[in-house]
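Before any comments, here is the structure.
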Amino acid sequence: MSEETLPRPERSDDGPGNFVEDIVRQDVAAGKNGGRVVTRFPPEPNGYLHIGHAKSICLNFGLAQKFNGVCNLRFDDTNPETEDVEYVESIKDAIRWLGFDWGDREYYASDYFEQLYDLAEKLIKAGVAYVDSRSLEEIRETRGDFYTPGQDSPFRNRTVEENLDLFRRMRAGEFPDGSHVLRAKGDMTSKDVKMRDPVMYRIKHARHHRTGDRWCIYPMYDWAHGQSDYIEKVTHSICSLEFMNHRPLYHWFLDQIGAPAEERPQQIEFAKLNLTYTVLSKRRLQQLVQSKLVNGWDDPRMPTLVGMRRRGYTPEAIRAFCDRVGVSTRDSIVDITLLEHELREHLNATSPRVMAVLRPLKVVIENWPEDRIEVFHAPYDPEKRDGLSREVPFGREIYIERDDFAEVPPNKWFRLAPGQEVRLRYACILRCVGVVKNEKGEVVELRCTWDEGSRGGAAPDGRKIKGTLHWVSARHGLPAEVRLYDRLFKVEYPMAGDDKNDWLKHINPDSLQVLTGCIVEPSLANTQPLDRMQFERIGYFCTDLDSQPGALVFNRTISLKDTWAAIARKGEEG
RNA sequence: UGGGGGAUCGUCUAAUGGCAGGACUACGGAUUCUGGCUCCGUAUAUCAAGGUUCGAAUCCUUGUCCCCCAGCCA
């Protein structure tokens, strides 16, 4: 074993760990950066955060927590034409909602414009940056391509004095957009196209959401980002795979400004998140919003954090998911069932249970007196028996789910059918003795009798009742609208097509189904937006932002697993 | 035709020359006043070929496939 071989990194007990964590752990153990760990989450404020960003947020903030470091929130606001404070606020909300706190470490690349400018002058004085006064087209044409080297700009040999003068006048606003750029003197013959005299500054007479009209030149990403990391003393600058191509330039700029070896940030790339049945690029998400395929950025079908919040996702579930998917350097597409699993897991543990009937079918209990009302006490949490319960009134007329009755029951049917018994949850045992149909032959009402010994739902003789149905008293139930959400795309890989616009063809036309005429139990009368609950036997729901007392609206966050659906499907096939 | 990366169950991820493990999914069963939850079980993987080695997912060679790069976007 050579002396240079580093010891195998110890894995921590909490969580699965990943290669980035291994690197940080080794760095800390080796005393690099004096053992400090500083990460950063660097969103550009030009869009809403989505589940993919959550992975990065969890990684960066998680690393800081794990190693007693800090994580900066830094807005990468170097392109005023696309950025806005609206996004800054939404990004901060989303990060807070996810459960992370950046304390007072809220930074903006625009806060460093002056320092960045000074550094740029330093590079000019050192002869490694020059003002190129050609058009965008000319610059592009002479950059060469993957196979042919670029050619030096005729302005490459301007004197330091001339460059300085021009650059200062660029800043002073003497030139129109596109007339000059500041370029670094890289190597126009480099096989690495990024090194062919990268542009550092461009002229943009645009108002910036923070600096207003103070600047009319703005730094490019490659120049701004690494130097901002350095200014903030970031130790580990974690970004996605496509920036791997930028890493040589990242280090080259750090070399040029004379960043001491022991203080320079290290760029580490990881594979960003992709999800089945989902698109996760800002541009495409924006397209969905603008073309009104969804109702805004917070549409519950959107993979944005605001959308997921409105849908009823919990931050805990999203964080658990991010931990679970791991971090690696290979492109991957995570099965959305993993996300759904974490969601159900957390919702199952935390959601109060209530009853709601989505597609009501009236049931008249013939041997129950007309005006007799019974109030049952039903626990909010049947598993933990935490003592909390609500009152659920019961009477002669109730509603059950249409799907819970079959005139001709298929195999293994545990639910209601003529002559068959079921239990009404927490209420009693019921037998169907008659079916009322309309002139079209549709079932409109069920006539039933109840077993008078089964008050509360227990069988007096201990007989097994296989099926238990949810129900709502007709007299006490509250009307409600329920919005059923499904995956936004019909296919697993919407982006798989050769044609770049094929993904839009895979939109699921049934991703939103609005049910009116639903009936929920009276305990929900005062529910507030974003309250979460389980509708027993149906799924997890949350009260929508549109909901009001007297006009209740619920979103289906996710259905319960439905074993019966699989059995029924097989019954049909077989 | 250049450069930079990457290939492990259907999916995500472990392994750092020494029993290919875990989770999700799927399937089967037990339990159940939610056809939920829980519990138990089953199935499925090292891109290919060659080499080094007692021993290879791991090292070497050759090949194949996938991703990224030619913004005055980030």
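The sequence lines fix the lettering, A, B, ..., with proteins before strands; numbering per chain opens at 1.
Taking a pair to require two hydrogen-bonding distances under 3.5 Å in either a Watson-Crick or a G-U wobble arrangement, B:rC73 remains unpaired. With a 3.5 Å ceiling on both atom-pair distances, the Watson-Crick or G-U wobble partner of B:rA7 is B:rU64. Across all strands shown, B:rA30 is found opposite B:rU38 as a Watson-Crick or G-U wobble partner, with both distances under 3.5 Å. With a cut-off of 3.5 Å on both Watson-Crick or G-U wobble distances, the partner of B:rU53 is given as none.
Aromatic ring pairs are classed by plane angle as parallel below 30°, tilted from 30° to 60° and perpendicular above 60°; the pair A:Trp471 and A:Phe376 is perpendicular. Classified by interplanar angle (parallel below 30°, tilted 30° to 60°, perpendicular above 60°), the ring pair A:Tyr112/A:Tyr107 is tilted. Aromatic ring orientation, A:Tyr87 versus A:Tyr48: perpendicular (interplanar angle above 60°, classes split at 30° and 60°). The aromatic rings of A:Tyr108 and A:Phe75 sit parallel to each other, their planes meeting at less than 30°, with 60° as the upper class boundary.
Nucleotides B:rC65 and B:rU52 place their P atoms 28 Å apart, quoted to the nearest Å. B:rU44 and B:rG51 are spaced 28 Å apart, taking the P atom of each and rounding to whole Å. Comparing the P positions of B:rG18 and B:rG28 gives a spacing of 39 Å, expressed to the nearest Å. Here the separation of B:rC40 from B:rU64, taken at their C1' atoms, is 43 Å to the nearest Å. Spacing between B:rA48 and B:rC39 at atom P, rounded to whole Å, works out to 36 Å. Comparing the C1' positions of B:rA26 and B:rG55 gives an interatomic distance of 35 Å, to the nearest angstrom. Only the C1' atoms considered, B:rC69 is 49 Å distant from B:rG36, to the nearest whole Å. Rounded to a whole angstrom, the distance from the P atom of B:rU62 to that of B:rG4 is 15 Å.
Distance, A:Tyr147 OH to B:rA70 C1': 10 Å, rounded to whole Å. Note: OH (A:Tyr426) to C1' (B:rG36) measures 12 Å, nearest angstrom. To the nearest angstrom, P of B:rC67 lies 14 Å from NZ of A:Lys272. A straight line from CG of A:Asp331 to C1' of B:rC67 spans 5 Å, rounded to a whole angstrom. One atom, CG of A:Leu275, and another, C1' of B:rC24, lie 13 Å apart when rounded to the nearest Å. Nucleotide B:rA26 holds its C1' atom 11 Å from the CZ atom of A:Arg569, rounded to whole Å. Between A:Leu560 atom CG and B:rU38 atom P there is a gap of 11 Å when expressed in whole angstrom units. Note: CD1 (A:Ile558) to C1' (B:rU34) measures 16 Å, nearest angstrom.
Within the 4.0 angstrom heavy-atom criterion, base atoms lie near A:Arg134. Nucleic acid contact class of A:Leu241 (heavy atoms, under 4.0 Å, all strands): none. At a threshold of 4.0 angstrom between heavy atoms, the contacts of A:Gln534 include nucleobase atoms, whether or not backbone atoms are also involved. At the heavy-atom level, A:Ala458 lies under 4.0 Å from base atoms of the strands shown. Counting non-hydrogen atoms under 4.0 angstrom, A:Trp223 reaches nothing in the nucleic acid. At a threshold of 4.0 angstrom between heavy atoms, the contacts of A:His470 with the nucleic acid are absent. At the heavy-atom level, A:Pro219 lies under 4.0 Å from the strands shown only through sugar-phosphate atoms. Residue A:Val325 is classed as a sugar-phosphate contact, given heavy-atom separations below 4.0 Å to backbone atoms only. The residue A:Tyr218 sits apart from the nucleic acid: no heavy atom pair falls under 4.0 Å. The residue A:Glu536 sits close to a base: some heavy atom pair falls under 4.0 Å. In this structure, A:Ile567 reaches the bases: a heavy-atom distance under 4.0 Å links it to at least one base atom across the strands shown. Across all strands, A:Asp76 comes closer than 4.0 Å only to sugar-phosphate atoms, never to a base (heavy-atom distances).
Between A:Ser328 and B:rU13, a side-chain N or O to OP1/OP2 separation shorter than 4.0 Å is present. Proximity of A:Arg202 to the phosphate of B:rC73: a side-chain N or O atom is located under 4.0 Å from OP1 or OP2. Checking the phosphate oxygens (OP1, OP2) of B:rA74, a side-chain nitrogen or oxygen of A:Thr78 falls inside 4.0 Å. In terms of phosphate contacts, A:Lys561 brings a side-chain nitrogen or oxygen within less than 4.0 Å of OP1 or OP2 of B:rU25. A close approach under 4.0 Å does not occur between any side-chain nitrogen or oxygen of A:Arg140 and OP1 or OP2 of B:rC72. A:Thr563 has a side-chain polar atom (N or O) that falls below the 4.0 Å cut-off from OP1 or OP2 of B:rG36. Between A:Arg247 and B:rC68, a side-chain N or O to OP1/OP2 separation shorter than 4.0 Å is absent. Remark: A:Arg344 is not in phosphate contact with B:rC24, judged by side-chain N or O atoms under 4.0 Å from OP1 or OP2.
Judged by the 6.0 Å and 45° rule, A:Arg171 forms a cation-pi pair with A:Tyr117. Remark: A:Arg169 is not positioned above the aromatic ring of A:Phe175, lacking an NZ or CZ atom under 6.0 angstrom from the ring centre and at most 45 degrees off the axis.
Residue A:Phe146 and nucleotide B:rG2 are classified as a stacked aromatic pair, their ring centres being separated by less than 5.5 Å at an interplanar angle below 30°.
For A:Glu383 against B:rU38, a side-chain-to-base donor-acceptor contact under 3.5 Å is absent. The base of B:rG3 is paired with the side chain of A:Asn245 by a donor and an acceptor separated by under 3.5 Å.
Side-chain contact between A:Phe321 and A:Val334 is present, with at least one heavy-atom pair separated by less than 4.5 Å. Proximity of A:Phe167 to A:Tyr130: side-chain heavy atoms (C-beta onward) are nowhere separated by under 4.5 Å.
Residue order along RNA chain B, read from the 5' end via each residue's closest nucleotide, puts A:Gly144 first among A:Gly144 and A:Lys204. Nearest-nucleotide positions on RNA chain B place A:Asp192 closer to the 5' end than the other of A:Ser135 and A:Asp192.
Comparing B:rU11, B:rA70, B:rG28 against the side chain of A:Lys570 picks out B:rG28 as the nearest.
The neighbour count for A:Arg455 CZ, taken as heavy atoms of other residues, nucleotides or ligands under 6.0 Å away, does not exceed 12.
An anti orientation is assigned to B:rG28, its glycosidic angle lying beyond 90° of 0.
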